[in-house]
Amino acid sequence: MQNYWLMKSEPDAFSINDLKRLKRSPWDGVRNYQARNFMKEMNEGDLIFFYHSSCNPAGIVGTAKVCKNAYPDHTSWDKNSAYYDVKSTPEKPRWFMVDVEFVEHWSSIVTLAELKQHPELADMRLTQKGSRLSVMPITKSEWEYIVTLLKK
DNA sequence: GCCAACGTTGGC
DNA sequence: GCCAACGTTGGC
């Protein structure tokens, strides 16, 4: 069964243009348990909204898909990595990542401000005050609704 | 197991 | 750059 997700990235660190250029990439560096657990639930072929955060404007800029199920994030035991975690080892990995593949880079951005205006999207974690989760599930109806926003 | 203190996220 | 909201840590 295909599921839908939203993943945040700061474009200065990793943007949709980076993914477009690379075609596929590991989604490393997630160090939040809820986000990690959602990645573990992902399956190859699941679709992803690619969200640019900490920029102006923040919003969804395109889509990607899961092309490799969750596996240990090796940057967590790399002492030279910014994502190093002393409690994660190859024998007992604490953090996981998936690989994602570029699908679409939209010609326009669906901004957070716009998403917040639609009652249909009020249940999304993204549109709720104070939400910082960087990987979250999206319902099929939310996915389809957001795609129609794009065509307007 | 509680909770204060701290560090981080991320919109504005 | 500010700061509200959140997650994590660690003392007790």
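The figures here come from the full heavy-atom set of this structure, side chains too, leaving out hydrogens, waters and symmetry mates. Quick note on labels: first sequence line is chain A, next is B, and so on, each numbered from 1.
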Name the residue from A:Val100, A:Asn3, A:Asn69 that meets the side chain to side chain contact (heavy atoms under 4.5 Å, CB included) definition with A:Asp46.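 One option only clears the test, and that one is A:Asn3.
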
To the closest 0.5 Å, what do you measure between OG1 (A:Thr139) and CD (A:Glu144)?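 The distance works out to 8.5 Å.
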
With sequence neighbours left out, what residues match A:Asp85 under salt bridge (Lys or Arg N to Asp or Glu O under 4.0 Å)?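 Scan of A:Asp85 (salt bridge (Lys or Arg N to Asp or Glu O under 4.0 Å), adjacent residues dropped) gives none.
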
Base-contact (B) and sugar-phosphate-only (S) positions in nucleotides 6-12 of chain B, heavy-atom cut-off under 4.0 Å, - elsewhere: -BBBBSS

Qualifying salt bridge (Lys or Arg N to Asp or Glu O under 4.0 Å) pairs, either residue in residues 30-39 of chain A, two or more places apart: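 Sorted result for residues 30-39 of chain A: A:Arg31-A:Asp73.
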
A:Lys129 side chain near C:dA5 phosphate (N/O to OP1/OP2, under 4.0 Å):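 So the side chain of A:Lys129 is within the cut-off, an N or O lying under 4.0 Å from OP1 or OP2 of C:dA5.
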
Output field: ring centroids A:Trp95/A:Tyr33 closer than 6.0 Å: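 That pair passes the under 6.0 Å test.
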
